[in-house]
Q: 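Just passing along the structure, written as structure tokens.
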Amino acid sequence: MRIATWNVNSITARLPRLLAWLESTGTDVLCIQETKCAADQFPVGQLRELGYEAAVNATGRWNGVAVLSKVGLADVVTGLPGGPEYDGVQEPRAVSATCGPARIWSVYVPNGREVGHEHFSYKLRWFEALTAAVAEDAAAGRPFAVLGDFNVAPTDEDVWDPAVFEGLTHVTPAERDALATLRGTGLTDVLPRPLKYDRPYTYWDYRQLGFPKNRGMRIDLVYGNAPFAEAVSDAYVDREERKGKGASDHAPVVVDLDV
DNA sequence: ATGGCTGCGGAACGCAGA
């Protein structure tokens, strides 16, 4: 089974690429982030033509997540149970479903904006709620994984120049501790291999030639429990999808499972 | 060529992204 995660930065803008990519890779389950469209605008028809069912949690201009599956889609949970609000709203940042043999979450963790910003404490609270919500499934015997845009680089190796990120979000001890606490439920960071260069970055800023200069970050992660991690036969970042006109600023992370 | 941001809402430019 091939499972992947991809922050598409607008499913509307990315639809031609997305459909072509699904066909060429034969992905069975795709976790999507930043759909940037309302649920009733989601292109369910075109995805169904390719054989995918979709679980969607999306409300409009910002955020939005989905799970696409052609191996079944059951027991959908929309949103993060017990998750915090921002500006009085539970933002659409999580959706989960059972896809064939595995329980799968697609998450888009809040950015945090600046250390000390209200959005930053929201980010940390969001991680706490996520940790509580996945604990039972993480410890269970069924393959389980949280995939998505975590908006944290787990180590200094996961940013192109740690000096540039000093004092910024995505690399602070508080955020990395939140990731470690999440892993403490029994989850392993499934490290993908890069297709080029030495680090498996998943995001490159659109600005200032970020991609050609490989000024990247690894912030799109696959956190699987032991039954999931032990079934992994391959994992890679599909940097080819970051190339050319009309690319997202994130590349897909692809994981092959023997299940 | 991998190339100096992009998408959205709304109809100019501000917000958000990380």
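For clarity, every value in this text was computed on a predicted model and none was experimentally measured.
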Q: Considering residues at least two apart in sequence or located in another chain, which fulfil the ring pair (Phe, Tyr, Trp, His ring centres under 6.0 Å) criterion with A/Phe228?
A: none

Q: Within the 4.0 Å heavy-atom criterion, would you say A/Tyr108 contacts the bases, only the backbone, or no part of the nucleic acid?
A: sugar-phosphate

Q: Determine the Euclidean distance between corresponding P atoms of B/dG4 and B/dG9; express it in Å to zero decimal places.
A: 24 Å

Q: In whole Å, what separates the P atom of B/dG10 from that of B/dC15?
A: 15 Å

Q: How far does CG of A/Leu221 sit from CG of A/Asp158, to the nearest 0.5 angstrom?
A: 7.5 Å

Q: Taking any atom closer than 4.0 angstrom to a non-hydrogen atom of chain A, what span of DNA chain B does the protein reach, first nucleotide to last?
A: B/dT2 to B/dA18

Q: Using the C1' atom on both, measure B/dG7 against B/dA18 and round to a whole Å.
A: 15 Å

Q: With rounding to the closest Å, how many angstrom separate the P atoms on B/dG3 and B/dG14?
A: 28 Å

Q: Using the test side-chain contact (heavy atoms from CB on, under 4.5 Å), find all partners of A/Arg17 that sit at least two apart in sequence or belong to another chain.
A: A/Arg14, A/Glu241, A/Ala247

Q: Identify whether any heavy atom of A/Asn151 sits under 4.0 Å from a base atom; if not, whether one sits that close to sugar-phosphate; answer base, sugar-phosphate or nothing.
A: sugar-phosphate

Q: Find which nucleotide of DNA chain B each of A/Lys196 and A/Ala247 is nearest to by heavy atoms, and output the residue with the more 5' nucleotide.
A: A/Lys196

Q: List for me each residue that meets side-chain contact (heavy atoms from CB on, under 4.5 Å) alongside A/Gln90, sequence neighbours excluded, and say none if there are none.
A: A/Glu85

Q: For A/Phe127, check ring pair (Phe, Tyr, Trp, His ring centres under 6.0 Å) against everything at least two apart and list the hits.
A: none

Q: Give one of base, sugar-phosphate or nothing for A/Arg14, where a contact means two heavy atoms less than 4.0 Å apart.
A: sugar-phosphate

Q: Using the test side chain to side chain donor-acceptor pair (under 3.5 Å), find all partners of A/Asn214 that sit at least two apart in sequence or belong to another chain.
A: A/Trp204

Q: Quantified in whole Å, what is the P atom distance between nucleotide B/dA12 and nucleotide B/dA1?
A: 35 Å

Q: Using the closest heavy atom to pick a nucleotide of DNA chain B for each, name whichever of A/Arg239 or A/Asn63 lands nearer the 5' end.
A: A/Arg239

